[in-house]
There are 2 protein chains.
Amino acid sequence: MDHKFEWQEQRMTTPDGVYRTLRAAILDGTVPPGGQLREAHIAADLGISRSPLREALTKLEEEGLVVKIPYRGAFVVEVSAREVAEIDSVRLLVEPYAAELSAEALRGPERPQLLQTVEDLHRAMEQDDIPASIDAHLRFHRLFYDLSGHGVLQSLWNGWETKLRLHLSVDHRTYSEDPHQLVVEHERLAAVALEGDTDAFRQELAAHFPMGLRAQTGDRGERTPRHV
Amino acid sequence: MDHKFEWQEQRMTTPDGVYRTLRAAILDGTVPPGGQLREAHIAADLGISRSPLREALTKLEEEGLVVKIPYRGAFVVEVSAREVAEIDSVRLLVEPYAAELSAEALRGPERPQLLQTVEDLHRAMEQDDIPASIDAHLRFHRLFYDLSGHGVLQSLWNGWETKLRLHLSVDHRTYSEDPHQLVVEHERLAAVALEGDTDAFRQELAAHFPMGLRAQTGDRGERTPRHV
DNA sequence: CTCTGGTCGATTGTCGACCATTTTCTGGGT
DNA sequence: ACCCAGAAAATGGTCGACAATCGACCAGAG
């Protein structure tokens, strides 16, 4: 087996560097969902001991990108459509609240940032730059949580973003189906957020989500690797 | 259903055991809020090495029960009123949804459990049994999340319960002020939940929370130990 | 052929040690 | 009483080695 993992940047502290390297490898598909991360192998590739590597894996587990099974190993999570639908169903409840809390900042100094993010999304879509569009897409929604000044809301989004990113990276039907539609939706979301119309925001958001939780099959969160 | 032999506890590795031990020690007040957790001392007490202990502390930090300060140590958090208010503000949005999702189970086989929990709370209050009342109180609200069949909602509550329990254990003005009022509120919550009236549930819940987020002073999450 | 039981290699879990970094204590000097 | 340098203690990070466990494979009995 040739070296799968290489240092992507220099000048990083060991555990954090390993963390970022593995995270990038997971998100760009180098390690597929369900794939196993073998400690000895990776440590040898990176030329480090298993201790900092295990710390990096722990961080990835906290973030929800990998699942560790005792005496079995660390596996990349497989985010199910069910789980994404569940996340969206909760976002539908809290994100309008986040938008409401950040309305003041959004109408003031942060207004350019919101518009810029929509613009970034637009450009990325025109050029079919999937990674960039995913990035702008998530940055857009994160904005409301960050600007809400609400610690609990911020931590909620932090727990969701990586899972959403992983899911979007694997399943980009959302983009290929109707690229323009997504941009329009976010323009509308930005507009109603600037108006401070919370109810309208909720309605636009509901339209933005692909489908409701009820439409999902009852496959109860397939979060375990396929070998179990 | 005819699995006669089942491992109730999943494979327990040392860090998990340490994690539960420390968690229990924190929640029952053995280690007071603001108290320090010394690695060497605990490791010697439990007869283990620092490696699994550090992993356990990391898990506690992730859960929000412990704060680690570089080169100073790990301290038990002091949950601020601000953070509880933030949690409640989000619960006000999602808990009615959880109640709605669990309405079916609640009207069916789980109905006795709901009524029993209210009864437990009632008895604990009459006897001024604070720990038992906190337990029944939290069990009541957990019920909606558990029965919702919604994994994300369940994990949300799991992330909140320990912090709420820690806060209630320290500051039980909520109970001493008007013991009977709290029981009545939960009887009403149970009633509207059984009726499936989501809006009424939200209103009762709002009345149940001591005060809104806006009434809080702007002390932005006092999560650091007192020595800082 | 199928099932049981044991062995073996691979992988993770745990340990003790070592050194670096930072904080805290201590004691002398002014 | 104040200040500062040095010592002592605690944590952070890393490593190599050993123990525990799992999955796969294989031999033998029915």
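Letters A, B, ... mirror the listed sequences (proteins, then strands); counts begin at 1.
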Checklist entry - Parallel, tilted or perpendicular: which describes the rings of B:Trp157 and B:Trp160, with under 30° parallel and over 60° perpendicular? => result perpendicular
Item to check | Residue B:Arg72, side-chain heavy atoms: nucleotide from C:dT24, C:dT12, D:dG16 that is nearest | outcome: C:dT24
Item to check | B:Ser49 side chain, from C-beta outward: closest of D:dG12, C:dG16, D:dC15 | outcome: C:dG16
Checklist entry - What is the distance from CG of B:Leu57 to P of D:dA10, rounded to the nearest Å? => result 16 Å
Checklist entry - Rounded to whole angstrom units, what separation is found between the CD1 atom of B:Ile48 and the C1' atom of D:dA20? => result 16 Å
Item to check | Whole-Å gap separating P (D:dG12) and CD (B:Glu55) | outcome: 15 Å
Checklist entry - In terms of side-chain heavy atoms of A:Tyr71, which of D:dT11, D:dG16, C:dT12 is nearest? => result C:dT12
Checklist entry - Which listed nucleotide (D:dG12, D:dT11, C:dT11) is nearest to the side chain of B:Ala40? => result D:dT11
Checklist entry - Are more than 12 heavy atoms from other residues, nucleotides or ligands located less than 6.0 Å from atom CZ of B:Arg111? => result no
Next on the checklist: What's the separation between atom OH in B:Tyr19 and atom CG in B:Leu53, rounded to the nearest 0.5 Å?
Outcome noted: 14.5 Å
Next on the checklist: Closest-nucleotide mapping onto DNA chain D: is B:Ala74 or A:Arg50 further toward the 5' terminus? I mean the 5' end.
Outcome noted: B:Ala74
Checklist entry - Rounded to whole angstrom units, what separation is found between the CD atom of A:Glu39 and the C1' atom of D:dG16? => result 15 Å
Item to check | Rounded distance (Å) that lies between atom P of D:dG13 and atom CG of B:Leu53 | outcome: 14 Å
Checklist entry - So does B:Glu104 have more than 12 non-hydrogen atoms from other groups sitting under 6.0 Å from CD? => result no
Checklist entry - Taking the side chain of A:Pro52 as heavy atoms from C-beta outward, which of C:dT11, D:dT14, D:dG12 is closest to it? => result D:dT14
Item to check | Spacing of A:Asp16 atom CG relative to D:dG13 atom C1', expressed in whole Å | outcome: 13 Å
Checklist entry - For C:dG13, does OP1 or OP2 lie under 4.0 Å from any side-chain N or O of B:Thr14? => result no
Next on the checklist: We want to know whether B:Asn158 and B:Gln154 form a side-chain donor-acceptor pair, criterion being a heavy-atom distance below 3.5 angstrom.
Outcome noted: no
Checklist entry - Could you give the CG-to-P distance, from A:Leu46 to D:dC15, as a whole number of Å? => result 11 Å
Next on the checklist: How many whole angstroms separate atom CZ of A:Phe75 from atom P of C:dT12?
Outcome noted: 8 Å
Checklist entry - Quick one: is D:dG13 close enough that its OP1 or OP2 comes under 4.0 Å of any side-chain N or O from B:Arg54? => result yes
Checklist entry - Is any side-chain N or O of B:Thr13 closer than 4.0 Å to OP1 or OP2 of C:dT14? => result yes
